[in-house]
Amino acid sequence: MSVENETTNTVLVTGFGPFGEHKINASWESVKLLPSLNIDEEFGVKLIVEEIPVTYSYVSEKIPVLWKAHKPMLVVHVGVSSIASGLTLELKAHRSGYCREDVAGELPPRNECSCGRADVIKPVFDVDDVCRELEKAKIAVPVCCSSNAGRFLCEFIYYTSLNIDNLRTIFIHVPELDNPYPATDLAKGIKAVLGVLIQEIRSWNEKHPNDVCCERIA
């Protein structure tokens, strides 16, 4: 596969639409507030937010299109977790094992992502270090790391984007709304994550101006 080193100053953040008992999905309710938090001016980026339907086919088809269209410097996928007690940064994603039906009652072919060959992909970010930086920021929502993204659409979308560029991708699980944090607090927490990751990417780019660490869509 050819490798492309061109990126823009775009930051793409996605949240998921309704599914199951989550008639109002905390991830999208939080993400859709981000444009009101002055992220563009404060971080010097162009913020784009997208709501993603909870279907494997949409993720497989549309996520690569979003990468190609926007050439983002950073992609942050956000999903809801019933067991999350705060912002949870995921450490890895698996290619296979997707046995839970999506909102259309469908499964991906062979229960796996159609892209990629690696069984597991991890972000280039030192996610533990990112969590420590966020703890210093003293945001209202606690932050932790997880090595189990759930083998549903959250992990599926994470693998899909990590396979495109694992330097510029992270996944965050948020708790259900008002359990105990409102969407406003979750959005501010996500903003804090963006700030740390944008700084990490800019530092990496300065140290490796001619290097590409992973495959990108041509």
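Values reported hereafter were calculated over all heavy atoms of this structure, with side chains retained and with hydrogens, waters and symmetry mates removed.
Summarising the geometry, atom OG belonging to Ser30 is positioned 5.0 Å from atom CD1 belonging to Ile190; distances are rounded to the nearest 0.5 Å. To the nearest 0.5 Å, atom OH of residue Tyr98 and atom CG of residue Leu153 are 9.5 Å apart. Of the inter-residue distances, the one linking Leu107 atom CG with Ser57 atom OG reads 11.5 Å to the nearest 0.5 angstrom. Taking CG of Leu197 as the reference point, atom CE of Met73 lies at 9.5 Å (rounded to 0.5 Å). From Leu87, atom CG reaches atom CD1 of Ile139 across 5.0 Å, with rounding to the nearest 0.5 Å. Note that OG1 of Thr8 is 7.5 Å distant from CD1 of Ile48, once rounded to the nearest 0.5 Å.
For the pair Pro182/Glu29, no side-chain contact is recorded, criterion being any heavy-atom separation below 4.5 Å from C-beta on. At least one side-chain heavy atom of Phe16 sits less than 4.5 Å from a side-chain heavy atom of Ile157. Side-chain contact between Pro175 and Thr88 is absent, with no heavy-atom pair separated by less than 4.5 Å. Here the side chains of Phe19 and Val80 are in contact, with some heavy-atom distance below 4.5 Å. With contacts defined as side-chain heavy-atom distances shorter than 4.5 Å, the pair Pro35/Val49 qualifies. You'll find the side chain of Val11 stays beyond 4.5 Å of the side chain of Pro72, heavy atoms only. The shortest side-chain heavy-atom distance between Thr169 and Pro123 does not fall under the 4.5 Å cut-off. With a 4.5 Å cut-off on side-chain heavy atoms, Val196 and Asp129 do not count as touching.
The pair Glu42-Lys191 meets the salt-bridge criterion, since a charged nitrogen lies less than 4.0 angstrom from a carboxylate oxygen. A salt bridge links Lys136 with Glu133: the distance from a Lys NZ or Arg NE/NH1/NH2 to an Asp or Glu carboxylate oxygen falls below 4.0 Å.
When every heavy atom of Tyr181 is checked against every heavy atom of Ala140, the shortest pair comes out as CE2-O, 3.5 Å. The two residues Glu176 and Ser82 make their nearest non-hydrogen contact at OE2-OG, 3.3 Å. Closest approach of Cys145 to Cys131, counting heavy atoms only: SG-SG, 2.8 Å. Between Leu74 and Phe125 the shortest heavy-atom distance is CD1-CZ, 4.1 Å. Closest of all the heavy-atom pairs between Leu33 and Ser36 is O-OG, 2.6 Å. The shortest non-hydrogen separation linking Asn163 to Cys115 is ND2-CB, 3.6 Å.
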Side chain to side chain contact (heavy atoms under 4.5 Å, CB included) assessment of Lys32 paired with Glu51: CA-CA 8 Å; Lys32 73 181 184 181; Glu51 183 179 9; over 6 Å; no
Pair Asn166-Lys122, side chain to side chain contact (heavy atoms under 4.5 Å, CB included): steps then yes or no: CA-CA 7 Å; Asn166 66 335; Lys122 298 180 180 180; over 6 Å; no
Residue pair Arg168, Trp67: steps toward the side chain to side chain contact (heavy atoms under 4.5 Å, CB included) verdict: CA-CA 11 Å; Arg168 307 178 192 281; Trp67 275 92; 4.1 Å; yes
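Panel note: side chain Arg151, backbone Ser96; a donor-acceptor pair is recorded below 3.5 Å. Without hydrogens or angle criteria, Asp178 side chain to Pro180 main chain gives no donor-acceptor distance under 3.5 Å. Judged by distance alone, with hydrogens and angles left aside, the side-chain atoms of Lys23 form a donor-acceptor pair with the main-chain N or O of Gly20 at under 3.5 Å. Side-chain atoms of Tyr158 do not come within 3.5 Å of backbone N or O of Ala149 as any donor-acceptor pair. Remark: the backbone N or O of Thr55 is not paired with any side-chain donor or acceptor of Glu106 at under 3.5 angstrom. A donor-acceptor contact shorter than 3.5 Å is absent between the side chain of Glu50 and the backbone of Thr14.
In this structure, Gln199 places its CD atom where only 12 or fewer heavy-atom neighbours from other residues, nucleotides or ligands lie under 6.0 Å away. For Glu21, the CD atom counts as densely surrounded, since its 6.0 Å shell holds more than 12 non-hydrogen atoms of other residues, nucleotides or ligands.
Here the options are Val31, Val78, Ile63, the test is side chain to side chain contact (heavy atoms under 4.5 Å, CB included), and the partner is Ile52; only Ile63 passes. For the pairing with Phe43, the side chain to side chain contact (heavy atoms under 4.5 Å, CB included) check across Ile39, Leu47, Asp40 returns one residue only, Ile39.
Note on Trp28: it clusters hydrophobically with Ile24, by side-chain heavy-atom contacts below 4.5 Å among ILVMFWY residues.
Between the side chains of His173 and Ser146, no donor-acceptor pair of N or O atoms lies under 3.5 Å.
Between Phe171 and His77, the angle of the ring planes lies from 30° to 60°, which puts this pair in the tilted group.
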